[in-house]
Amino acid sequence: MSDFSPPLFEQLCCPLDGLPLSFEAPSWRCPSGHCFDTASQGYINLLPVQNKRSRDPGDSKEMVAARRRYLESGVYEPIAAGVWRALMDGLEGEAPYACLDAGCGEGYYPRYLRQQDQQGQLALIGLDISKWAVMAAARSSPDIRWLVGSNAHLPVPDGALDAVLCLFGFAVPDEFLRALKPGGIWVQVETGADHLLELRRIIYSSLKVDKSQEQTVAAGFCLEHSERIRFEVSLHTQEQIADLLLMTPHMFRASMPGLERVRQLTRLDLQVDVQIKVLRRL
């Protein structure tokens, strides 16, 4: 057990007018009088109704539970370790570093970073559009700032962050550029051509040809580092296979026959293929 108290990120902005929020227990208020309560689980909901595209956006309770079971089994730990390396190699200046996970889900990756951060260098923020995901995350790690919010409107001031993580999520380069300090880093994790290939071969009657093309770097950034991580995993139960399926987009893209073939499996050997990119704000 470490004996330090990790820093909590305090520079929050009102999602309605962008003004600074100040904490007046148990709420956060802006000078205009907008008020946002801290939930009993410890998270703050900074997603206004007008910024929602549906009544209950993001992952459902069931998807959140499936993702937690799957990730806590440790099968994706090599990815988490790669993110930790990329982050710590890329950070500049003096700690503490403000690091926001944009699309944190149920919080596996911020929790992993907190466990590795034995010197208390990171002020971690986990943000997701799903209140169910953030609620689950906040219950397990009160030493991380958990927010319900949108990647399109990060509730932080201009230049407030040292790092933004976007792990299999929806990147918003212009917003990341705004929120990062000059010299700050954006760590992007994307799936590679062979990611979950065996699962996709079972689900789909034919696979799209991977059209490799040079990707442009978003304006205001330079690509500083790229690492491909590949490894194999073995899933030994129907439940674990079902959890993986539920946490991927394939659950909603596959045909009924394809889904039924997966549901009959009791074992599945898979390739994991991801790319970790570090982009630095100019």
Side-chain angles (χ1 to χ4, degrees), residues 5-52 57-58 87 91 93-107 109-111 113-114 117 120-167 169-182 184-187 281:
S5 296
L8 271 177
F9 184 80
E10 304 289 352
Q11 299 179 58
L12 301 178
C13 284
C14 177
L16 297 172
D17 56 25
L19 294 176
L21 290 173
S22 58
F23 184 60
E24 301 174 14
S27 304
W28 292 77
R29 298 178 184 273
C30 80
S32 299
H34 300 128
C35 180
F36 305 90
D37 292 336
T38 302
S40 59
Q41 295 87 357
Y43 69 91
I44 310 163
N45 193 330
L46 297 178
L47 184 66
V49 173
Q50 54 267 46
N51 288 353
K52 295 183 179 182
L87 180 65
L91 286 169
E94 296 184 0
Y97 305 106
C99 175
L100 184 145
D101 184 353
C104 66
E106 47 66 63
Y109 292 100
R111 285 197 302 275
L113 297 179
R114 173 60 72 227
D117 181 28
Q121 299 181 78
L122 301 176
L124 291 166
I125 312 107
L127 177 141
D128 201 278
I129 202 168
S130 166
K131 70 176 181 181
W132 305 113
V134 176
M135 187 182 300
R139 286 193 182 106
S140 63
S141 300
D143 53 359
I144 296 172
R145 177 71 70 199
W146 301 107
L147 308 173
V148 178
S150 168
N151 285 8
H153 304 282
L154 301 178
V156 301
D158 295 356
L161 302 175
D162 295 283
V164 171
L165 311 178
C166 190
L167 315 180
F170 298 99
V172 187
D174 288 346
E175 183 65 357
F176 294 174
L177 184 71
R178 179 197 67 80
L180 281 168
K181 298 174 182 177
I185 57 173
W186 160 20
V187 179
R281 188 194 189 282

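This chain uses plain numbering: 1 for the first residue, then up along the sequence. Keep in mind that this is a model prediction, so the values were computed, not measured.
The two residues A98 and A160 make their nearest non-hydrogen contact at CB-O, 3.7 Å. Closest of all the heavy-atom pairs between S27 and C35 is CB-SG, 3.4 Å. The two residues H34 and C14 come nearest to each other via the heavy atoms ND1-SG, 3.5 Å. Of all heavy-atom pairs spanning L127 and P155, the tightest one is CD1-CD, 3.4 Å. In terms of heavy atoms, G105 sits closest to A137 at O-CB, 4.3 Å. The two atoms that bring I44 and L12 nearest to each other are CD1-CD1, 3.7 Å, heavy atoms only.
The side-chain heavy atoms of L21 and C30, taken from C-beta on, include a pair separated by under 4.5 Å. Taking the side chain as every heavy atom from C-beta outward, T38 and F23 approach each other to under 4.5 Å. A heavy-atom distance below 4.5 Å is found between the side chains of L8 and R145. At a threshold of 4.5 Å between non-hydrogen side-chain atoms, the residues L47 and S150 count as touching. Side-chain contact between Y97 and I185 is absent, with no heavy-atom pair separated by less than 4.5 Å. Looking only at side-chain heavy atoms (C-beta outward), W28 and E10 come within less than 4.5 Å of each other.
Results of the side chain to side chain contact (heavy atoms under 4.5 Å, CB included) test with Y43 over I144, V134, L147, D128 single out V134 as the only residue that passes.
In this pair, F176 and W186 present their aromatic rings perpendicular. The plane angle is above 60°, beyond the 30 to 60° band.
One N or O on the side chain of R111 and one on the backbone of E106 form a donor-acceptor pair closer than 3.5 Å. A distance-only check finds a donor-acceptor pair linking the side chain of R281 to the backbone of L177 [under 3.5 Å]. N151 places a side-chain N or O within donor-acceptor distance of the main-chain N or O of F170, the cut-off being under 3.5 Å. Here the side chain of R178 pairs a donor or acceptor atom with the backbone of L154 at under 3.5 angstrom. Although no hydrogens or angles enter the test, the distance criterion places no donor-acceptor pair under 3.5 Å between the side chain of D162 and the main chain of C99. No donor-acceptor distance shorter than 3.5 angstrom exists from the side chain of S141 to the backbone of A138, with no hydrogens or angles considered.
With rounding to the nearest 0.5 Å, the separation of NE2 in H153 from CG in L16 is 11.0 Å. A distance of 8.5 Å separates CZ in F36 from CG in N45, rounded to the nearest 0.5 Å. Note that CG of L180 is 10.0 Å distant from CD of E175, once rounded to the nearest 0.5 Å. The distance from atom CG of L87 to atom OH of Y109, rounded to the nearest 0.5 Å, is 14.0 Å.
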Requested in this report: Check the pair I125 / L161 against side chain to side chain contact (heavy atoms under 4.5 Å, CB included), numbers first and verdict last.
Outcome: CA-CA 10 Å; I125 312 107; L161 302 175; 4.1 Å; yes
